[in-house]
Trainee: 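The structure follows.
No experiment lies behind these values; they were computed from the predicted model shown. Labels below follow one simple rule: chain letters A, B, ... track the order of the sequence lines, proteins then strands, and each chain is numbered from 1.
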Protein chains: 2
Amino acid sequence: MDQNKIPQATAKRLPLYYRFLNNLHHQGKLRVSSKELSEAVKVDSATIRRDFSYFGALGKKGYGYNVEYLLGFFRKTLDQDELTEVAIIGTGNLGTAFLHYNFMKNNNTKIMMAFDANPEKVGKDIGGVPIYHIDELEEKINGVQVAILTVPASVAEGITNRLVDVGISGILNFTPARITVPDSVRVHHIDLAVELQALVYFLKHYPLNTEE
Amino acid sequence: MDQNKIPQATAKRLPLYYRFLNNLHHQGKLRVSSKELSEAVKVDSATIRRDFSYFGALGKKGYGYNVEYLLGFFRKTLDQDELTEVAIIGTGNLGTAFLHYNFMKNNNTKIMMAFDANPEKVGKDIGGVPIYHIDELEEKINGVQVAILTVPASVAEGITNRLVDVGISGILNFTPARITVPDSVRVHHIDLAVELQALVYFLKHYPLNTEE
DNA sequence: GATAAGTCGTGATTAAATTCACAATTATAT
DNA sequence: ATATAATTGTGAATTTAATCACGACTTATC
């Protein structure tokens with residue numbers, strides 16, 4: 001709650017580290033070096049050491065990092081034990097993909113409910129998550145802190161306003177609309193079309209080594 | 001093909017600018033200032049001016065930017081007229097979401113085909129895109145430059161190797177696996193679980209203004 | 001033990017991106 | 001015409017992130 005000194009770039013990599021440490025732990029590995037981890041997560045080893053160092057001296061010189069210790073440390077740091085409740089708004093293919101994704105494996109987040117405007121979907125549940133009608137948003141969403149917005153762009157702004165009014169803390173916005181929220185709400189945009197176009201642009205303008 | 005001087009951060013924002021300029025054009029707007037655009041795309045206005053300036057002096061002082069001119073310029077710059085062929089690997093919910101997304105509206109990319117291991121899906125088509133069996137990958141994928149990888153993590157590495165062998169240029173990887181490719185292939189990772197966890201981490205550790 | 005090999009943590013450096021701030025120019029109003 | 005307001009383009013400053021490079025320490029080997 002106080003670690004405001006951790007760079008944002010580092011914070012974004014933490015969940016990635018956490019997942020790979022989990023993998024290593026399941027594989028029975030006891031120790032890992034920044035070099036090994038670097039190859040697995042595709043992040044420079046000096047960057048990994050720097051990232052870890054913001055949390056203190058977690059490793060041992062000449063040895064590396066103890067997987068179990070590091071994992072336990074990150075579990076605490078990423079608040080793995082404190083649950084964040086999530087709602088999916090819009091159960092099209094993208095929303096449904098989230099519902100099937102088993103987030104609880106590595107995460108401190110739980111998808112509690114989903115909303116949709118289609119009466120045929122309402123009342124059913126997907127992967128154990130109940131689907132309510134979007135009209136019931138205000139009534140049902142109590143306690144949810146994060147919304148994953150997977151609705152058509154045309155209704156994104158209206159639903160965002162309702163989420164804000166109901167006191168949501170964060171929104172993961174998958175719609176192409178750039179939604180407007182008060183400063184008290186954090187929004188991360190993931191724009192699939194932009195990601196694809198950006199990749200294409202890089203391919204055309206930033207040639208890579210062609211010898212293998 | 002030669003504009004290697006454009007910062008990567010700028011390149012990533014270009015598709016976003018392009019889409020919003022398109023919106024403005026459809027709304028009949030003739031001019032736009034960096035300030036207006038800033039509010040729409042949520043990027044600082046000085047950053048927008050700086051981004052545009054890499055392409056020369058596109059605006060007029062005291063006036064702003066001519067929407068039609070700017071749009072035409074970006075169309076050329078983003079190679080809107082030169083088509084990049086795309087394949088979807090894995091037609092689960094996420095892959096299907098892409099198939100339904102009408103990329104052709106703003107884009108220079110076309111989804112030509114999809115692959116899946118499930119015989120029930122093979123032979124059908126979704127949104128006009130044919131679905132082939134994954135065993136036919138090598139035979140069918142000719143001419144495709146970009147693959148969108150939406151398969152289970154367990155098969156990600158194997159399929160990646162086949163894509164590399166077949167000469168793919170870019171991969172948009174939605175699996176949690178950090179795939180390994182030769183330097184000649186560009187990979188962008190979009191890791192949905194990491195995005196969600198990072199948002200949660202920011203909410204807990206980087207408090208926002210709570211007064212509205 | 002003594003020596004060699006491995007690895008961290010970090011000061012210093014470099015690179016990349018953002019933001020400030022203002023002269024120059026254009027548009028608009030009177 | 002003239003004055004006022006708007007807005008760009010960019011040099012300079014700042015901020016943020018990545019990388020280099022090495023001393024200090026640990027482990028493994030003989």
Trainee: Please state how far atom CG in B/Asn66 lies from atom C1' in D/dT7, giving the value in whole angstrom units.
Mentor: 15 Å
Trainee: Could you grab the distance from atom CD of A/Glu195 to atom CG of A/Leu192, nearest 0.5 Å is fine?
Mentor: 7.5 Å
Trainee: 5'-most contact on DNA chain C: A/Lys61 or B/Arg13, nearest heavy atom basis?
Mentor: A/Lys61
Trainee: Taking atom C1' of D/dT7 as reference, at what distance in whole Å does atom CG of B/Leu37 sit?
Mentor: 14 Å
Trainee: Kindly assign one of parallel, tilted or perpendicular to the pair B/Tyr65 and B/Phe52, based on the angle between their ring planes and the thresholds 30° and 60°.
Mentor: perpendicular
Trainee: Quickly work out the B/Asp44 CG to D/dT15 C1' distance and round it to whole Å.
Mentor: 13 Å
Trainee: Please work out if A/Tyr65 contacts a base, only the sugar-phosphate, or nothing of the nucleic acid, heavy-atom cut-off 4.0 Å.
Mentor: sugar-phosphate
Trainee: Nearest whole Å is fine: how far is D/dA18 C1' from A/Gln8 CD?
Mentor: 16 Å
Trainee: Among C/dC20, D/dG9, C/dA17, find the nucleotide with the atom closest to the side chain of B/Arg49.
Mentor: D/dG9
Trainee: Looking at C/dT19, C/dA17, D/dG9, which one has an atom nearest to any side-chain atom of B/Ala9?
Mentor: C/dA17
Trainee: Please state how far atom NZ in B/Lys35 lies from atom C1' in C/dT19, giving the value in whole angstrom units.
Mentor: 17 Å
Trainee: May I ask you to say what B/Thr10 touches in the nucleic acid, namely base, sugar-phosphate or nothing, with a heavy-atom cut-off under 4.0 Å?
Mentor: nothing
Trainee: Once you round it to whole Å, what is the distance between P of C/dT18 and NZ of B/Lys42?
Mentor: 18 Å
Trainee: Does A/Arg50 make a side-chain donor-acceptor contact with the base of D/dT19, cut-off 3.5 Å?
Mentor: yes
Trainee: For D/dT8, does OP1 or OP2 lie under 4.0 Å from any side-chain N or O of B/Ser34?
Mentor: yes
Trainee: DNA chain C: B/Gly62 or A/Phe52, which has the more 5' nearest nucleotide?
Mentor: A/Phe52
Trainee: Considering every strand and a 4.0 Å limit on heavy-atom distances, what is the contact class for A/Ser45: base, sugar-phosphate, or nothing?
Mentor: nothing
Trainee: Can a side chain N or O of B/Ser33 be found less than 4.0 Å away from OP1 or OP2 on D/dA6?
Mentor: no
Trainee: For A/Asp51 and D/dT19, give me the distance from atom CG to atom P, rounded to whole Å.
Mentor: 11 Å
Trainee: Looking only at side-chain atoms of B/Lys60, point me to the closest of C/dA27, C/dT7, D/dG9.
Mentor: C/dA27
Trainee: With A/Arg31 as the cation and A/Tyr63 as the aromatic partner, state whether NZ or CZ is under 6.0 Å from the six-membered ring centre and within 45° of the axis.
Mentor: yes
Trainee: Is the ring pair B/His205/B/Tyr201 parallel, tilted or perpendicular, if the boundaries are 30 and 60 degrees?
Mentor: parallel
Trainee: Taking OP1 and OP2 of C/dA5, is either one under 4.0 Å from a side-chain nitrogen or oxygen of A/Tyr63?
Mentor: no
Trainee: Please state how far atom NZ in A/Lys5 lies from atom P in D/dT15, giving the value in whole angstrom units.
Mentor: 19 Å
Trainee: Using 30° and 60° as the class limits, which term best fits the ring planes of B/Phe74 and B/Tyr17: parallel, tilted or perpendicular?
Mentor: tilted
